[in-house]
J.: 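Got a structure here, written out as structure tokens. Questions coming.
Throughout, a chain's letter reflects where its sequence line sits, starting with A, and its residues are numbered from 1. Values below: all heavy atoms of this structure, side chains included; hydrogens, waters and symmetry mates excluded.
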Amino acid sequence: MIKIYNTLNQKKEDFKPTFPDRVSMYVCGPTTYDYFHVGNGRAFLFFDVVRRFFQYAGYKVLYVQNITDIDDKIIRKANAEKVQIAEITKKYIKAFKEDIKALGIKNATYFPKATEYVGKMIEFIKSLEDNGYAYHSEGDVFFSVEQIHDYGTLSRKKLDDLVAGARVAENTAKKAAADFVLWKKAKQGEPAWDSPWGKGRPGWHTECVVMANYLLSKENKKSDSATKVFDIHAGGVDLVFPHHENEIAQAKAGYNSHLANYWMHNGFINIEGEKMSKSLDNFLTIRNILKEYDPEAIRYFYLSKHYRSPIDFNEQIIKESTTAVNKLTRPLKDYLQKEKQLPVRAKIDPQVKKDFDTAMKDDFNTAKALAVLFELAKEINISPQPVDDKVATLYKLGSVLGFFSNVDQKESQEDNGETTQQLINLLIEYRNKFKREKNYVYADMIREDLANLGFILKDTKDGTVVEKT
RNA sequence: GGCGACAUCGCCAAGUGGUAAGGCAAGGGUCUGCAAAAUCCUCAUUCCCCGGUUCGAAUCCGGGUGUCGCCUCCA
């Protein structure tokens with residue numbers, strides 16, 4: 001039984017999907033006004049690992065990740081650059097997809113864009129208004145939080161405290177401080193859609209509710225089943241309040257559903273001990289980090305700590321992660337070097353699988369799961385042979401965590417091309433001849449020149465091997 | 001002010017009642033012409049402090065100290 005920490009009840013619960021063989025997940029995606037940063041990356045990557053684990057555990061997974069392509073920040077950026085917002089969003093949606101791919105994150109089943117659902121959002125907001133959950137004021141439409149008697153369950157907030165502690169600037173159009181905007185009146189020069197309340201655009205909290213509901217009913221038709229809730233709704237902790245709280249309020253009002261049965265939230269990432277923020281100018285984008293570090297090192301960094309804990313990102317830790325992940329990959333590369341292909345038909349070691357599964361089933365304890373893999377790697381190193389089963393197990397379980405995407409049959413030597421490989425072998429032969437003659441000047445010259453071309457020669461007990469950088 | 005989280009080796013980090021996983025770094029070997037890489041071995045009688053419960057506590061309870069997050073757009 002998989003256990004998941006559910007923010008809704010603040011405890012670990014047994015995971016029971018609505019349908020026995022399927023899991024539906026909705027993960028909050030990017031607002032496309034910039035390259036996404038390490039913090040976003042953690043959420044995107046971690047929940048992808050959750051999805052992979054479900055698939056490995058035998059579930060069919062519906063994975064939805066929204067793309068917010070209309071929003072204040074996007075408008076601001078478009079104005080600053082004097083371009084259409086579509087130009088901004090198009091650019092960063094493309095970048096988003098490139099970057100998740102580079103990180104080894106699989107595509108979602110659906111990537112709904114907010115702008116494609118404005119009509120449905122208007123219908124939804126209208127229905128909220130008709131049923132007394134929302135009110136219209138000077139072109140804006142607000143959700144009346146008081147109408148939801150248990151508002152604040154997710155974030156453990158009491159309405160009274162919210163109002164009392166409100167640091168928000170007084171908005172005179174609102175009836176109550178905690179009310180939130182469903183529809184924003186358009187200002188001069190802003191992109192706008194026609195609506196019953198005049199020109200404007202939807203508020204941020206509405207898109208997920210409407211898109212989740214629509215895509216779920218679409219899936220229901222496909223599979224001839226019916227449910228109003230996703231199994232899992234996920235995102236960063238900062239989304240708990242107000243974003244997810246407000247989504248739940250709307251879903252309760254509009255669909256009589258709490259949107260998802262399990263709410264999962266990942267912890268924050270700090271940079272060198274400080275919160276990432278524009279003012280500190282310490283926003284690190286994944287795109288920039290990838291210029292310098294291996295994507296699997298970043299993956300290791302994310303997965304080396306439990307997802308709900310905060311992590312500190314710094315140069316030292318990412319370098320250590322590079323070494324660590326290399327240690328995990330080494331046995332596979334060595335095996336490939338000798339056998340040319342991974343033992344795909346070998347058996348999975350049942351005890352190791354059990355340990356790995358136990359760790360992952362306990363609220364996705366990836367740090368512990370990694371420890372299981374390290375121990376396995378050591379066993380492979382110590383074992384005189386044969387190690388086929390252990391190598392196959394390492395590969396299989398590591399892949400569940402998203403590792404080893406570059407380690408497969410194609411990665412072995414012949415990938416260089418037959419002729420290239422023959423030429424390199426020839427040079428190795430010459431170098432060995434020079435070595436035997438103790439002509440180290442020439443021997444080292446060959447090694448250095450090949451290294452400059454990206455082929456690292458390593459003298460091992462079994463002879464000289466080549467590795468591409 | 002309200003709500004919440006966390007404190008385990010030099011660093012990162014598992015462990016929620018049964019006697020301290022794992023990674024990095026470090027030290028010592030192996031291999032090598034030298035490198036590089038790799039690999040093996042060693043590395044916390046102790047878990048922020050003080051009390052308590054218990055046969056038994058890093059784990060539970062009370063108090064203290066410290067760090068951090070949310071309450072505002074934010075993964």
J.: Assign A:Lys435 to base, sugar-phosphate, or nothing according to its heavy-atom contacts below 4.0 angstrom with the strands shown.
T.: base

J.: Identify, between A:Gly235 and A:Ala324, the residue whose nearest nucleotide on RNA chain B lies closer to the 5' end.
T.: A:Ala324

J.: State which of B:rA35, B:rG23, B:rA75 makes the closest approach to the side chain of A:Met276.
T.: B:rA75

J.: Do any side-chain nitrogens or oxygens of A:Lys12 fall under 4.0 Å of OP1 or OP2 in B:rU16?
T.: no

J.: Is the Lys NZ or Arg CZ of A:Lys157 less than 6.0 Å from the centre of A:Phe241's six-membered ring, within 45° of the axis?
T.: yes

J.: Report which part of the nucleic acid A:Phe374 touches: base, sugar-phosphate, or nothing (heavy-atom distance under 4.0 Å, all strands).
T.: sugar-phosphate

J.: Tell me yes or no: between the side chains of A:Gln250 and A:Asn246, is some donor less than 3.5 Å from an acceptor?
T.: no

J.: In Å, rounded to the nearest 0.5 Å, how long is the span from NE2 of A:His258 to NZ of A:Lys252?
T.: 8.0 Å

J.: For A:Glu379 and A:Ile456, find the nucleotide of RNA chain B closest to each by heavy atoms; which residue's nucleotide sits nearer the 5' end?
T.: A:Ile456

J.: Side chain of A:Phe268 only, heavy atoms from C-beta on: which candidate in B:rA14, B:rA75, B:rG23 is closest?
T.: B:rA75

J.: How many Å lie between CG on A:Asn314 and C1' on B:rC24, as a whole number?
T.: 12 Å

J.: Measure CG/A:Asn381 against C1'/B:rU30 and give the value in whole Å, please.
T.: 14 Å

J.: Check every strand shown and say whether A:Asp312 touches a base, only sugar-phosphate, or nothing at a heavy-atom separation below 4.0 Å.
T.: nothing

J.: For the rings on A:Phe111 and A:Phe96, is their centre-to-centre separation under 6.0 Å?
T.: yes

J.: Have a look at A:Lys438 and say if it touches a base, only the backbone sugar-phosphate, or nothing, with a 4.0 Å heavy-atom cut-off.
T.: nothing

J.: If you look at every strand shown and take non-hydrogen atoms under 4.0 Å, does A:Phe301 touch a base, only sugar-phosphate, or nothing?
T.: nothing

J.: Measure from the side chain of A:Lys275, starting at C-beta and using heavy atoms only, and say which of B:rC70, B:rA14, B:rC24 lies closest.
T.: B:rC70

J.: Check every strand shown and say whether A:Leu239 touches a base, only sugar-phosphate, or nothing at a heavy-atom separation below 4.0 Å.
T.: sugar-phosphate

J.: Check the distance between B:rC12's P and A:Glu272's CD and give it to me in whole angstrom.
T.: 13 Å

J.: Using whole Å, report how far CG of A:Asn266 lies from P of B:rA5.
T.: 17 Å

J.: Please state whether the base of B:rA35 and the side chain of A:Asp459 form at least one donor-acceptor pair under 3.5 Å?
T.: yes

J.: Reckon A:Gly41 touches a base, only the sugar-phosphate, or nothing at all at heavy-atom distances under 4.0 Å?
T.: nothing

J.: Select one nucleotide: of B:rC71, B:rG33, B:rA13, the one nearest the side-chain heavy atoms of A:Asp444.
T.: B:rG33

J.: Give a yes/no answer on whether the side chain of A:Asn270 brings an N or O atom under 4.0 Å of OP1 or OP2 in B:rC68.
T.: no

J.: Determine: side-chain N/O of A:Asn326 to OP1/OP2 of B:rC24, distance under 4.0 Å, yes or no.
T.: no

J.: Could you tell me whether the side chain of A:Val27 reaches within less than 4.5 Å of the side chain of A:Tyr63, counting heavy atoms only?
T.: yes

J.: Identify which nucleotide among B:rG23, B:rC70, B:rG33 has an atom closest to any side-chain atom of A:Arg447, counting heavy atoms from C-beta outward.
T.: B:rG33

J.: Could you tell me whether A:Glu375 contacts a base, only the sugar-phosphate backbone, or nothing, with contacts defined as non-hydrogen atoms closer than 4.0 Å?
T.: sugar-phosphate

J.: Has A:Lys327 got a side-chain N or O lying under 4.0 Å from the OP1 or OP2 atom of B:rG23?
T.: yes

J.: Whole Å only: how far is the CG atom of A:Asp355 from the P atom of B:rA21?
T.: 14 Å

J.: Identify which nucleotide among B:rC3, B:rG23, B:rG22 has an atom closest to any side-chain atom of A:Tyr300, counting heavy atoms from C-beta outward.
T.: B:rG23

J.: Has A:Lys305 got a side-chain N or O lying under 4.0 Å from the OP1 or OP2 atom of B:rA13?
T.: yes

J.: May A:Phe36 be described as stacking on the base of B:rA75, applying a 5.5 Å centroid limit and a 30° limit on plane angle?
T.: no

J.: Which nucleotide, B:rC11, B:rC34, B:rA14, lies nearest any side-chain atom of A:Gln316?
T.: B:rC11

J.: Taking the side chain of A:Arg330 as its heavy atoms from C-beta onward, which of B:rC34, B:rA38, B:rC11 lies nearest to it?
T.: B:rA38

J.: Would A:Phe15 and A:Phe54 count as a close aromatic pair, with their ring centres under 6.0 Å?
T.: yes

J.: Under 4.0 Å between a side-chain N/O of A:Lys378 and OP1 or OP2 of B:rC40, yes or no?
T.: no

J.: Just call it for A:Arg42: base, sugar-phosphate, or nothing, with non-hydrogen atoms closer than 4.0 Å on any strand.
T.: nothing

J.: Have a look at A:His37 and say if it touches a base, only the backbone sugar-phosphate, or nothing, with a 4.0 Å heavy-atom cut-off.
T.: base

J.: Just how far, in rounded Å, is P of B:rA21 from CG of A:Leu373?
T.: 18 Å

J.: Check this for me: does any side-chain nitrogen of one of A:Asp444 and A:Arg447 sit under 4.0 Å from a carboxylate oxygen of the other?
T.: yes

J.: Determine the contact category for A:Ile269: base if any of its heavy atoms lies under 4.0 Å from a base atom, sugar-phosphate if only primed atoms, P, OP1 or OP2 are that close, otherwise nothing.
T.: base

